[in-house]
Amino acid sequence: MQLFEELKQRGLIAQCTNEEKVCDLLDNHTGVPFYIGFDATADSLHVGHFLQLVVMSRMQKAGHKPIALIGGATTMIGDPTGKTDMRKMLTREEIDHNAECFRVQMRRLVEFGEEKAVMVNNADWILPFNYMQFLREVGVHFSVNRMLTAECFKSRLEGKGLSFLEFNYMLLQSYDFLHLYRAMDCKLELGGDDQWSNIINGADLIRRVEGKDDAYGMTFTLLTTSEGKKMGKTEKGAVWLDPEKTSPYEFFQYWRNINDADVIKVMKLLTFISLDEIAQYEKREGSELNAVKEKLAYELTAMVHGAEDAEKALEAAKSVFGVGISSENMPTTELTHADFEAGNIGVLQLLVKCGLASSNGEARKLIMGGGISVDNEKIADTKASIHENSFENGEIIIKKGKKTFHKVIKTED
RNA sequence: GGGAGGUUUCCCGAGUGGCCAAAGGGGACAGACUGUAAAUCUGUUGUCUAUGACUUCGAUGGUUCGAAUCCAUCACCUCCCA
């Protein structure tokens with residue numbers, strides 16, 4: 001199957017400036033340079049970026065040349081698209097640090113090197129720009145009237161207002177495209193669908209400045225749940241690709257617990273599993289989908305963290321939710337003799353100590369709600385305490401709710 | 001520069017002197033049901049040595065027996081006019 005058709009069938013393509021031309025470019029040419037921009041707002045990429053990385057990888061596998069643009073300069077402004085609040089301003093140092101972290105994570109999916117993929121930083125060409133020069137070269141081509149009607153500023157115009165600083169974001173991103181068009185013959189900019197306005201303005205700028213209409217843009221479906229919410233957010237924040245921020249097990253579980261309605265969609269979007277194979281999974285219904293979810297979680301974890309970690313996460317999940325409970329990969333808290341009073345420790349203190357409850361009060365409520373078990377015995381009394389002798393094999397297992405397990409071991413001082 | 005309004009517990013948002021740890025919704029957590037899903041129903045959602053005490057309603061001072069509520073100053077935000 002041709003690349004464009006595959007992207008389409010996987011449901012990746014949201015909008016395209018000129019479908020025929022882009023299709024031709026992708027399917028009948030090789031080594032086509034294309035770029036995707038990433039703003040270095042945090043020190044790790046997250047699931048939202050992941051889709052872009054996978055796209056880069058697909059394109060690269062099809063013989064094209066990805067340009068990963070790190071927004072060293074644009075991050076200093078912050079993209080106002082779809083945001084209700086202005087972003088926190090980052091210092092140059094923070095941005096550089098973040099960019100470096102991105103670099104490391106991207107390597108998992110995209111192969112960088114001569115004639116392969118390249119990474120560029122727009123700080124290199126934007127920062128040297130002089131203000132007047134920028135206004136005269138780039139600013140003249142933008143109509144404020146038109147910009148104000150752009151969908152991407154809508155929430156800000158109705159809400160908290162848009163600062164001039166952020167208003168410039170679109171110009172800078174547009175200029176990025178122009179720069180890459182000139183410097184690297186890059187004729188295609190890709191991005192999430194929220195980037196549509198920024199992308200078409202870039203293509204527009206090229207048309208005006210260069211007088212050529214062979215710059216194209218294409219956007220990809222945003223990762224949203226069937227309810228229209230952004231995917232990749234949990235109560236703890238984003239689902240990160242950095243194992244320090246989101247452990248492979250948590251990452252695995254995130255996908256394992258995906259909605260029925262989203263499994264196939266996500267599988268098409270994010271994995272390299274063939275469409276034929278996915279079509280088989282699509283026939284499954286009800287609880288049979290559990291196996292598909294497991295497959296999805298495994299695949300994605302392997303893509304991000306490697307097969308070894310994916311295997312571990314799978315095993316850990318199986319042992320926790322499967323037949324017997326294995327305590328091997330559980331989060332663990334160590335207690336010493338000093339933690340006990342006359343050989344006992346109160347359950348409330350224990351829960352807080354393990355981080356299962358943030359206060360004694362919360363611990364008490366959990367117990368009263370019947371949510372806590374120790375070694376498979378439900379704790380009913382908030383005043384209960386655990387004796388040192390309970391640590392027969394040197395450990396006890398606390399279970400909070402259905403999915404949270406915590407191991408406590410007692411060490412000899 | 002002038003004028004108006006706002007800042008409430010994780011978020012949105014009610015409350016305009018005691019009945020306020022503060023309605024309602026969202027989210028989150030737990031229970032039931034299940035398939036480690038969704039939906040639904042129930043409970044919880046400031047802290048503590050817990051039928052009580054303490055801390056909280058932008059910040060600081062003040063009025064009052066008593067303040068989220070009134071007054072003053074400061075900070076930040078939004079809107080309107082220039």
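Keep in mind that what you see is a predicted model, and the values were worked out from it rather than measured. Here is the naming used below: chain letters follow the sequence lines, and residue numbers restart at 1 for every chain.
- Ion pair A:Lys410/A:Asp339 not flagged as a salt bridge, since none of the NZ, NE, NH1 or NH2 atoms sits closer than 4.0 Å to an Asp/Glu carboxylate oxygen.
- Among the heavy atoms of the strands, none lies under 4.0 Å from A:Ile372.
- In a base pair of the Watson-Crick type (N1 to N3 plus N6-O4 or O6-N4) or a G-U wobble (N1-O2 and O6-N3), with each distance short of 3.5 Å, B:G18 is matched with B:C65.
- Under the Watson-Crick and G-U wobble criteria, each requiring two contacts below 3.5 Å, nucleotide B:C33 is left unpaired.
- Aromatic pair A:His64/A:Phe34: centroids not less than 6.0 angstrom apart.
- A gap of 47 Å separates the P atoms of B:U7 and B:U34, to the nearest Å.
- B:C76 is paired with B:G6 under the Watson-Crick or G-U wobble criterion, all donor-acceptor distances under 3.5 Å.
- In this view, A:Lys268 satisfies the salt bridge (charged side-chain N to carboxylate O under 4.0 Å, His left out) rule with no residue, not counting sequence neighbours.
- Heavy atoms of A:Gln253 sit under 4.0 angstrom from at least one base atom.
- Base pairing of B:A39: no nucleotide in any strand meets the Watson-Crick or G-U wobble criterion (both distances under 3.5 Å).
- When both pairing distances are held under 3.5 Å, B:G27 makes a Watson-Crick or G-U pair with B:U45.
- Applying a 4.0 Å cut-off to non-hydrogen atoms, the residues of residues 347-369 of chain A that approach RNA chain B are A:Ser359, A:Asn360, A:Gly361, A:Arg364, A:Lys365, A:Leu366, A:Gly369, listed by residue number.
- Ring geometry for A:Phe251 versus A:Trp255: interplanar angle over 60°, hence perpendicular rather than tilted (30 to 60°).
- Taking atom C1' in both B:G6 and B:C57, one finds a spacing of 14 Å when rounded to whole Å.
- Comparing A:Asn290 and A:Gly401 by the nucleotide of RNA chain B whose heavy atom lies nearest to each, the residue mapping closer to the 5' end is A:Gly401.
- Shown are A:Met119, A:His49, A:Gln52, A:Glu111; of these, the side chain to side chain contact (heavy atoms under 4.5 Å, CB included) with A:Met106 is made only by A:Met119.
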